[in-house]
Amino acid sequence: MEKILDAILAGERAALGSLPVPESYRGVTLHADEVSMFDGLPAREKDPRRSLHLDEVPTPRPGPGEVLVAVMASGVNHNTVWSSIFEPLPTFGFLSRYGRTSPLAARHDLPYHVLGSDLAGVVLRAGEGVVSWRPGDEVVAHCLSVELNHPDGHADTMLDPEQRIWGFETNFGGLAELALVKANQLMPKPGHLTWEEAAASGLVHSTAYRQLVSANGAAMKQGDVVLIWGASGGLGSYATQLALHGGAIPVCVVSSPEKAETCRRMGAELVIDRAAEGYRFWKDERTQDPREWRRFGARIRDLTGGEDPDIVFEHPGRETFGASVYVARRGGTVVTCAATSGYEHVYDNRYLWMHLKRIVGTHFANYREAWEANRLIAKGRIHPTLSGVRPLAETGQAVHDVHHNRHQGKVGVLCLAPREGLGVRDAELRARHEVAINRFRTGPGGGPGGAGR
Ligand code: NAP
């Protein structure tokens with residue numbers, strides 16, 4: 001592994017194809033024999049620092065259409081939180097179901113699961129039939145893994161019946177020194193970013209792009225009022241930027257003055273601190289309080305000069321969904337990709353049908369959408385929202401922090417990269433956007449990224 005890293009750091013990328021691939025590598029894993037370790041505990045008390053391990057595991061050989069990547073940096077996503085607390089289901093069921101589909105997929109069904117759905121790194125080996133990528137290419141990966149053997153997947157690959165999220169529903173993920181991906185997950189690494197910055201955007205930015213911008217999602221247009229829950233979080237920090245960049249008017253909802261300030265630093269003017277204003281949409285576990293929906297709706301109108309949201313960017317789920325349906329404007333869209341606070345949503349359907357609103361379900365992004373999202377990053381139009389970085393050995397702590405909502409934007413993880421600030425190739429583009437790239441840097445390991453190799 002040392003020789004591979006030396007070659008990358010020395011800029012000798014052409015040499016990578018001839019260096020031997022190590023037989024094993026370090027990766028962040030879950031163990032199949034520990035899936036019951038948190039039984040009986042409430043979700044908040046399930047501690048990722050106990051379930052996540054850093055193990056030496058055998059290197060998989062890339063099969064047809066696959067690529068082995070030397071991972072310089074990765075990042076924490078909420079799916080790593082779900083995996084690490086074994087909710088709503090242990091991920092080993094996904095691996096064994098996948099394993100039954102083909103001999104190639106059977107390699108994923110192991111008693112350990114290497115997690116991680118983002119990476120920035122360098123191609124080490126390309127399997128048979130891979131024509132777009134070769135050893136030495138600097139890449140980022142999006143997390144859509146598809147088989148495309150069925151006609152359903154060919155208009156929109158998210159509709160492939162064998163669609164999976166890499167590093168969550170498949171093995172050999174990005175929180176590791178090496179990762180195995182399909183060639184059609186790869187995209188060029190944005191040259192002006194460090195490894196850890198480049199690894200921050202793949203999952204959440206592509207998701208937010210499809211959810212908000214794509215015709216497969218809410219098809220946002222100029223002037224739309226967009227209510228964004230968790231606007232300084234993983235998804236929300238990109239949704240806020242996409243709204244501003246696309247000429248829409250974000251109304252950002254957050255839960256602290258610091259997070260409100262972060263939204264303002266991104267350029268948002270309309271911000272609601274849900275904690276300070278004390279909204280309680282549920283009177284008790286079963287009963288919602290429509291007066292609180294109205295109070296929330298009135299606050300949005302105060303900020304917008306009397307307008308209701310054309311689009312509500314939903315992901316908190318049960319706790320907020322009733323309010324989201326209520327506050328959307330007549331003919332408006334509630335677009336949802338998640339249910340962090342609970343997946344059994346309750347809303348008053350009269351507000352939906354009488355006011356001709358739509359609920360649109362959305363999930364990750366197809367290759368084209370992920371590519372378009374990455375292009376916006378590469379051109380310096382949308383910026384990574386990295387607030388802190390930890391070494392691979394501290395991934396458990398990083399996941400714990402995200403589980404407890406102690407982060408903003410994204411938390412990065414250094415895999416092979418020996419320190420932050422490496423990997424910038426386009427210093428001129430970086431210099432133009434340095435301030436915007438660093439506006440989230442407040443967390444552990446924070447500080448401006450440098451411009452080394
Ligand atoms: P994140 O970084 O943790 O941010 C989520 C934000 O939502 C939090 O920072 C919090 O912001 C807000 N929030 C959480 N609980 C809330 C509640 N009960 N009421 C109101 N706001 C609440 O997570 P993320 O990366 O944005 O992901 C959010 C969810 O989407 C997760 O469940 C994740 O698994 C899912 N997701 C799905 C897809 C997909 O493809 N389907 C892709 C990415 C993520 P404040 O405290 O500041 O309000």
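Start at 1 and go down the list; that is how both ligands and their atoms are numbered.
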Legend entry - Residue and atom name of the nearest protein heavy atom (relative to atom 34 (O) of ligand 1), distance in Å to one decimal: W82 NE1, 2.9 Å
Legend entry - Proximal atoms of ligand 1 relative to T320 (non-hydrogen, under 4.0 Å): 19 (N), 20 (C)
Legend entry - Ligand-residue contact atoms, ligand 1 with T340, heavy atoms, under 4.0 Å: 28 (C), 29 (C), 31 (C), 32 (O)
Inset, instruction - Before accepting this row, confirm whether a basic side-chain N of the pair E292/R280 lies closer than 4.0 Å to the acidic partner's carboxylate O. - result: no
Legend entry - F364, W229, F168, Y343: member with heavy atom nearest to atom 40 (O) of ligand 1: F364
Legend entry - Residue selection (non-hydrogen contact nearest atom 4 (O) of ligand 1) among A275, A231, P316, G234: G234
Legend entry - Over 12 foreign heavy atoms within 6.0 Å of CD, Q222: no
Legend entry - Residue G233 vicinity, atoms of ligand 1 by number, heavy atom under 4.0 Å: 2 (O), 4 (O)
Legend entry - From R274, R210, E319, H403 - option closest to atom 15 (N) of ligand 1 by heavy atom: R274
Legend entry - Test: D224 and K221 ion pair at under 4.0 Å: yes
Legend entry - ligand 1 N/O within reach of H407 N/O, cut-off under 3.5 Å: yes
Inset, instruction - Give a yes-or-no answer on whether the side chains of T157 and D160 include a donor-acceptor pair shorter than 3.5 Å. - result: no
Inset, instruction - For ligand 1, find out whether one of its N or O atoms is nearer than 3.5 Å to an N or O atom of A339. - result: no
Inset, instruction - Report the nearest protein non-hydrogen atom to atom 24 (P) of ligand 1: residue, atom name, distance rounded to 0.1 Å. - result: L235 N, 3.8 Å
Inset, instruction - Taking only Lys NZ, Arg NE, NH1 and NH2, and the carboxylate oxygens of Asp or Glu, determine whether R441 and E420 approach each other closer than 4.0 Å. - result: yes
Inset, instruction - Could you check atom 30 (O) of ligand 1 against the protein and tell me its nearest heavy-atom contact, residue, atom and distance included? - result: A338 CB, 3.1 Å
Inset, instruction - May I ask you to check if ligand 1 and L203 share an N or O to N or O distance below 3.5 Å? - result: no
Legend entry - Pair D310 + R330: basic N to acidic O under 4.0 Å: no
Legend entry - Region of T207 that comes within reach of ligand 1 [heavy atoms, distance under 4.0 Å]: side chain
Legend entry - Residue, atom name and distance, where the atom is the protein heavy atom closest to atom 45 (P) of ligand 1: S255 OG, 3.3 Å
Inset, instruction - Can you pull out the closest protein heavy atom to atom 11 (O) of ligand 1? Residue, atom name and distance to 0.1 Å, please. - result: G230 CA, 3.4 Å
Inset, instruction - Looking only at protein heavy atoms, identify the closest one to atom 33 (C) of ligand 1 and say how far it is in Å. - result: H78 CB, 3.4 Å
Inset, instruction - Pull out every atom of ligand 1 sitting under 4.0 Å from any heavy atom of V254, numbered as shown with elements. - result: 47 (O), 48 (O)
Inset, instruction - Look up atom OG in S83 and atom CG in L89, then write down how far apart they are to the nearest 0.5 Å. - result: 11.0 Å
Inset, instruction - Nearest heavy atom to atom 5 (C) of ligand 1 wins, so pick from K410, K259, H315. - result: H315
Inset, instruction - May I ask you to check if ligand 1 and V204 share an N or O to N or O distance below 3.5 Å? - result: no
Legend entry - Protein residue, atom and distance nearest to atom 39 (C) of ligand 1, heavy-atom basis: H363 ND1, 3.4 Å
Legend entry - Exceeds 12 heavy-atom contacts within 6.0 angstrom, atom CZ of R291: no
Inset, instruction - Looking only at protein heavy atoms, identify the closest one to atom 37 (C) of ligand 1 and say how far it is in Å. - result: C337 O, 3.5 Å
Inset, instruction - State plainly whether the residues R329 and E307 are in salt-bridge range, i.e. N to O under 4.0 Å. - result: no
Inset, instruction - Inspect the surroundings of CD in E269 and state if more than 12 heavy atoms from other residues, nucleotides or ligands are less than 6.0 Å away. - result: no
Please table the atom pairs, donor to acceptor, closer than 3.5 Å between any side-chain atom in residues 175-188 and protein atoms at least two apart or in another chain.
residue, atom, partner, partner atom, Å
E177, OE1, R26, N, 2.9
E177, OE2, R26, NE, 3.0
E177, OE2, R26, NH2, 3.4
K182, NZ, E147, OE1, 3.4
K182, NZ, E147, OE2, 3.3
Q185, OE1, K182, N, 3.0
Q185, NE2, H142, O, 2.8

Legend entry - Output field: ring centroids Y326/Y347 closer than 6.0 Å: no
Inset, instruction - Return yes or no for this condition: an N or O of S341 is under 3.5 Å from an N or O of ligand 1. - result: no
Inset, instruction - Decide if the gap between the ring center of F281 and the ring center of F296 is smaller than 6.0 angstrom. - result: yes
Inset, instruction - Report yes or no: does N405 have a heavy atom closer than 4.0 Å to ligand 1? - result: yes
Legend entry - Aromatic contact, Y112 with H31 (centres under 6.0 Å): no
